[in-house]
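Contents: one structure, followed by commentary.
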Amino acid sequence: MAHLSTGLVPLLVVSVALTGCGRSEVAVAQIPNATASSQPPTLEVATVTAVILETTVNLPAELLPFESVDLYAKQTGFVKSIRVDRGSTVRRGELLAELEAPELVAQRAQTSAVYQSAQSQLASAQAKSAADRGTFERMAEAAKTPGVVAGNDLEVAKRVAESAEASVAALQKTVEAAQEGLRATIQLESYLKITAPFDGQVTARYLHPGALVGPYGGPGAMTPIVRVQTSDHHRLVVPVPENDIAGIPEGTIVHFTVPAFPGRRFQAPIARIAREVDNKTRTMPVELDVKDPRRELAPGSFCDVEWPIRRTYPTLFVPQSSVASNLQRTFVIRIRGNRTEWVDVKTGTRVGNTVEIFGGVEAGDKVAVRGTDQIRPGTEVRVKDPRPDS
């Protein structure tokens, strides 16, 4: 039910009442015979009324999961096992499927051997470096007594200790590189386990054990294993006409219905507004944040949304029958100086038997109750004002 501003409401009610009057049909029927009569035809009119609109309109919407993802393999391998199926409830981090790749096992064994060998060489080099450094330090201490150690021998011991230290530094880099290679291999092995990225439900299973899968560009590429989506949190996407988007902020509670629960109304707040109009549909996507702890609603359902419309300024209304259309234009027939003129308009929200219009008309203008292209512009007419009790 629309709520209209006071003061101008009585005029709108009169205009709506005119729409159902049968007298307008008689008036229109007289127009084609105007040339045969000495008197101009009589035309029933209504007054263009300005009101501040506050109402709701029903808009179609689609219920989507808040999060939905198809899970692919990051590493080439064969499906070893799949632990879930369509309809399974999963928790974040839960193991869903496992792959096997024998060549990856061999690669890990090789990188592990390289790492262990590098560690062993490093340990030996560190022991030798410690011994050489100790020898040099003892000779240097002895060399403080003249004639005990030759200067050349002391210099050779120093060079040997420095060389051993350099070998240790080089081997440390080798160990780090081998360790990084082992980590990379372990990381690749972790890709053989497919886990749930969030709490939700499995809605599709695409493969079975034995199937070959792999990353993009490899064998079995572009074939997902399972699809997981949230089951207790949804997005209700409403394409709102651009004329109806203003004045409704985020956080506004909106009611909607779903076919699965006839007669029951749900509600959710407006969470996200696209702020961009689709050029093809002239609508703006708006998302409602739907919490569904009982998991009653099914993503993919089409819903009927009671979208609120609130104008912050007065707009113009006429009876719906006053708006006429042909192949070229949509217009109302305005009467000025007892002559008709076509005024192009665009229609907005419908309220009862009236419709919102935008165009070159003003509040207080007189327009024909029944618009038709049979009444040509410039036709002289007699204005028939509606009766107060109509």
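Side chains are part of it too, since the values below use all heavy atoms of this structure and drop only hydrogens, waters and symmetry mates. These numbers come from a predicted model, not from an experiment.
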Say whether, by atom type as modelled, one donor and one acceptor occur between the side chain of [X] and the main chain of [Y] under 3.5 angstrom.
X      : Y      : result
Ser68  : Pro65  : no
Ser322 : Val367 : no
Thr174 : Ala170 : yes
Thr379 : Thr340 : no
Ser321 : Val369 : yes
Thr49  : Thr47  : yes
Thr111 : Gln107 : yes
Arg339 : Gly378 : yes
Ser301 : Leu297 : no
Thr230 : Phe66  : yes

Residue pair Trp342, Ile333: steps toward the side-chain contact (heavy atoms from CB on, under 4.5 Å) verdict: CA-CA 5 Å; Trp342 289 7; Ile333 301 174; 4.0 Å; yes
Basic-acidic side-chain contact under 4.0 Å: Arg370, Glu44: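 Result for this pair is no, no salt bridge flagged.
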Using side chain to side chain donor-acceptor pair (under 3.5 Å) as the criterion, list what pairs up with [X], not counting sequence neighbours.
X      : result
Thr283 : Thr281
Glu180 : none
Thr315 : Glu356
Asp344 : Arg329

Kindly state each residue pair satisfying salt bridge (charged side-chain N to carboxylate O under 4.0 Å, His left out) with at least one member in [range], sequence neighbours excluded.
range            : value
residues 233-259 : Arg235-Glu287, Glu242-Arg282, Asp244-Arg311
residues 164-178 : Arg133-Glu165
residues 86-95   : Arg91-Asp199

Among Val361, Ile357, Asn326, side-chain contact (heavy atoms from CB on, under 4.5 Å) partner for Phe331: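 Among the candidates, only Asn326 passes.
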Beyond-backbone contact of Pro197 with Leu71, side-chain heavy atoms, under 4.5 angstrom: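 A side-chain contact exists here, since the closest heavy-atom pair is under 4.5 Å.
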Check: Pro319 and Asn353 side chains under 4.5 Å, non-hydrogen atoms: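 Side chain of Asn353 against side chain of Pro319, heavy atoms only: no contact under 4.5 Å found.
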Between [X] and [Y], do the side chains contain an N or O donor and an N or O acceptor separated by less than 3.5 Å?
X      : Y      : value
Gln187 : Ser190 : yes
Thr330 : Lys346 : no
His233 : Asp289 : yes
Gln39  : Arg382 : no

Linked hydrophobic residues, [X] as query - side chain contacts closer than 4.5 Å:
X      : value
Val156 : Val160
Phe358 : none
Phe302 : none
Val168 : Tyr115, Leu122, Leu171, Val175, Leu182, Ile186

Set of salt bridge (charged side-chain N to carboxylate O under 4.0 Å, His left out) partners for Arg265, sequence neighbours left out: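 With neighbours one apart ignored, the set is Glu306.
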Minimum-distance pair of heavy atoms, taken over all atoms of Ala178 and Val114: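 Looks like CB-CG1, 4.0 Å.
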